[in-house]
Structure formats: C-alpha cells, structure tokens
Amino acid sequence: VIAAGGTGGHMFPAQALAEEMLARGWRVKLSTDPRGARYAGGFPAEVARQVTASATFSQGGVLARAAAPLRIAAGVMSALAAMRRDRPAVVAGFGGYPALPAMVAGGMLKVPRLIHEQNGVLGKVNRRFAAKVGVVACGTWPTSVPDGAQAVPVGNPVRAGVLAMAGAPYALSPDGPIDLLVIGGSQGAGLFSRVVPAALEKLPFDLRDRLRLAQQVRPEDMDRTTQIYDELGIDATLRGFFDDVPERLAAASLVIE
C-alpha cells in the first residue's frame, strides 16, 4: 500500500514507486483522499485506488478544523477495514495528510511501514511517523529527522515518463526563445508566484522578451500572477497543474523547481 496525497509533489514520487514495484511483480494499492485522487491519473491501471476520508488541522475554517478528527477517524476505520480484508506486506507513506489514515491503520495492524520524504525538511505527517517506522527514505541529503528515526538517502523516485525523456537533446540559440519551466508543490508554487515574477522583472528587456514561461501557480495566486506577467509583457502559460511535465522538461531551456 502506498499512502500519499495532497499535491503532485507527494503523488509523483509515489507513482514512480508504484511503477517500479509493479515491474518487480508486486501488487500495489494507492491510499489517498478525494483531493489526492485528482493527481492519480498517471498511476498505472493495475494500481487499485482506495479513497478514504482525511483532513488537516491547518486549513479551512473553524468548523472544518473542528470536524478534522472525525474525518481522520473515519478514514482510519476505512483503511483498517481494507487492510484486514487484504493485508499488505508493507505500507509506504509519501507524506501529505491524505496518507495519515493508511499509516495509522498499518501501525494498528503492526504492518511494516516506511516513509519517503521528498524534501530536505520533513512534512508534518512524515515527521509524526518518522521515529515509528522502519526507515525514513530521504530524497535529499542530509535530511534532519527526529531522534530515534533511521534515515537513509535514496533520492527521489522518477516516473517512467520522465526517464524516457532523459536523452532529449538540449539546444539553446543565442538569440532564440528561452523556454523557462517553473514547477513546485503547493508551498513551492506559492513561493515561486512571489519571487519568480520579481526576479524576471529585473531582466533586461531584450532578454525578457525572449522568454516563453510555463509556471505552476496555485488557484488563489492565479489572477495576481497573470496580471504581473501581462504587465511585464512575458509570454506565460500559467496552470494549477501540468499533466505533460515530461515533455515540458525535455523542451525547457531552464527549470526552476
């Protein structure tokens, strides 16, 4: 069972692991919540989806936060029932609050567990489980982990679609267009929507005029960021989510992530 959700930053490495485990003959299930399921379209069809309720205490209004324990408890019970019907060999958590129910249920059934942390700083859910699982697989190194946690550097799993573009040629004309790709998870996208426009504004006009920008932007930042790029005269494609990242990576002159 792979437990992940929230944003593509958690789901894409989880998808890469799913692809690899299927290739090695494993059965794989994805445990996530309705929000995480929106990012699961790229998972192989052989991966069963288990969509459970989950919640976070850090988002939403007063009522949403008050209801969070009930939603999490409901998700844990759902994940627990599913694991009792089909006991997994291991639960691998990739972070995000949608991973919480499966990680808790796996612990209740004493199923071996691990977590993968994509960032140099552990997220809230991964930090909660770091000292309670067998190993913390780290995407960057060194990564600070809580006392009692066993950390191992493994890097970030890469999807097959991205690996297939590894041999794409790189060409940049000295006076042609510059394709700039800016992508990141939810928090990263929020930061980039503030700092990247400010940085591009400082470029000389002739260089700025050559830019073809594709940037991942959170919905709440979309209007403001669009207006800034329009005022700067930058050819920008802004989306909340790119489903063609491998192709965009291959075509990019520079990637910021």
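Both backbone and side-chain heavy atoms feed into the values below; hydrogens, waters and symmetry mates do not. These numbers come from a predicted model, not from an experiment. Starting from 1, each residue takes its place in the sequence as its number.
The same ILVMFWY cluster, assembled from side-chain heavy atoms under 4.5 Å apart, contains both Val196 and Ile178. Val182 and Leu191 fall within a single hydrophobic cluster, where Ile, Leu, Val, Met, Phe, Trp and Tyr side chains are chained together by heavy-atom contacts under 4.5 Å. Put simply, Val51 and Tyr97 are part of two different groups of oily side chains (I, L, V, M, F, W, Y) that touch within less than 4.5 Å, one to the next. Val136 and Val111 fall within the same hydrophobic cluster, defined by Ile, Leu, Val, Met, Phe, Trp and Tyr side-chain heavy atoms under 4.5 Å apart, directly or through other members. When the side chains of ILVMFWY residues are joined at heavy-atom separations under 4.5 Å, either directly or via intervening members, Met165 and Ile256 end up in two distinct hydrophobic clusters.
Note that CD of Gln215 is 8.0 Å distant from CG of Leu200, once rounded to the nearest 0.5 Å. To the nearest 0.5 Å, atoms CD1 (Ile234) and CG (Leu180) are separated by 9.0 Å. For the atom pair CG (Leu232) and NZ (Lys202), the distance works out to 11.5 Å, reported to the nearest 0.5 Å. Note: Asn156 CG to Leu17 CG = 12.0 Å, rounded to the nearest 0.5 Å. For the atom pair OG1 (Thr237) and CZ (Arg239), the distance works out to 6.5 Å, reported to the nearest 0.5 Å. Between Ser78 atom OG and Asp33 atom CG the span is 12.0 Å, to the nearest 0.5 Å.
Smallest separation of non-hydrogen atoms from Pro101 and Ala53: CG-O, 3.4 Å. Considering every non-hydrogen atom in both Thr32 and Ala37, the closest pair reads CG2-N, 3.7 Å. Heavy-atom minimum distance, Pro146 versus Ala130: CD-CB, 3.7 Å. Of all the heavy atoms in Ala137 and Val154, the pair that sits closest is CB-CG2, 3.6 Å. Scanning both residues, Pro88 and Val1, for their nearest heavy atoms gives CB-CG2, 3.7 Å. Nearest heavy atoms, Arg210 versus Asp206: CG-O, 3.4 Å.
Taking the salt bridge (charged side-chain N to carboxylate O under 4.0 Å, His left out) definition, one finds that Glu220 meets it with Arg218, sequence neighbours left out. The side-chain hydrogen bond (donor to acceptor under 3.5 Å, both in side chains) search around Glu117 returns Asn119, Asn126, not counting sequence neighbours. Residues that satisfy the side-chain contact (heavy atoms from CB on, under 4.5 Å) test with Arg113, not counting sequence neighbours, are Val91, Met103, Phe129, Lys132, Val133. Looking at residues two or more places apart in sequence or on another chain, you find no salt bridge (charged side-chain N to carboxylate O under 4.0 Å, His left out) involving Arg194. For Gln15, the side-chain hydrogen bond (donor to acceptor under 3.5 Å, both in side chains) test picks out Glu19, with sequence neighbours left out. Checked against salt bridge (charged side-chain N to carboxylate O under 4.0 Å, His left out), Arg87 has no partners two or more places apart in sequence or in another chain. The salt bridge (charged side-chain N to carboxylate O under 4.0 Å, His left out) check on Arg24 picks up Glu20, with sequence neighbours excluded. Checked against side-chain hydrogen bond (donor to acceptor under 3.5 Å, both in side chains), Gln150 has no partners two or more places apart in sequence or in another chain.
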Practice item. Check step by step if side chain to side chain contact (heavy atoms under 4.5 Å, CB included) holds for Leu109 and Leu80. Key: CA-CA 8 Å; Leu109 294 177; Leu80 192 61; 3.6 Å; yes

Practice item. Please assess Gln216 against Leu181 for the test side chain to side chain contact (heavy atoms under 4.5 Å, CB included), listing each intermediate value before the final yes or no. Key: CA-CA 8 Å; Gln216 186 176 354; Leu181 176 62; over 6 Å; no

Practice item. Show your working on side-chain hydrogen bond (donor to acceptor under 3.5 Å, both in side chains) between Ser193 and Asp221 and close with a plain yes or no. Key: CA-CA 7 Å; Ser193 70; Asp221 298 326; 3.3 Å; yes

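Within 6.0 Å of atom CH2 in Trp26, 12 or fewer heavy atoms from other residues, nucleotides or ligands are found, so the atom counts as exposed in its surroundings. More than 12 heavy-atom neighbours from other residues, nucleotides or ligands sit within 6.0 angstrom of CD on Glu247. Within 6.0 Å of the CE atom in Met77, the count of heavy atoms belonging to other residues, nucleotides or ligands does not exceed 12.
Counting heavy atoms from C-beta on, the side chains of Arg248 and Val255 never come closer than 4.5 Å. In this structure, Met11 and Leu30 have side chains that are in contact, with non-hydrogen atoms separated by less than 4.5 Å.
Within the structure, every pair that satisfies the salt bridge (Lys or Arg N to Asp or Glu O under 4.0 Å) test and touches residues 172-189, not counting sequence neighbours, is listed here: Asp179-Arg212. Within the structure, side chain to side chain donor-acceptor pair (under 3.5 Å) pairs that include any residue of residues 41-52 do not occur (at least two apart or interchain). Evaluation of the ring-ring contact (aromatic ring centres under 6.0 Å, His included) test over residues 182-213, restricted to residues two or more places apart or in two chains, returns none. Legend: ring-ring contact (aromatic ring centres under 6.0 Å, His included) pairs involving residues 238-257, not counting sequence neighbours, sorted by first then second residue: Phe12-Phe241, Tyr39-Phe241.
Using a distance-only test at 3.5 Å, with no hydrogens or angles considered, a donor-acceptor pair links the side chain of Thr143 to the main chain of Thr140.
Ring centroids of His10 and Phe94 are separated by 6.0 Å or more, keeping the two rings apart.
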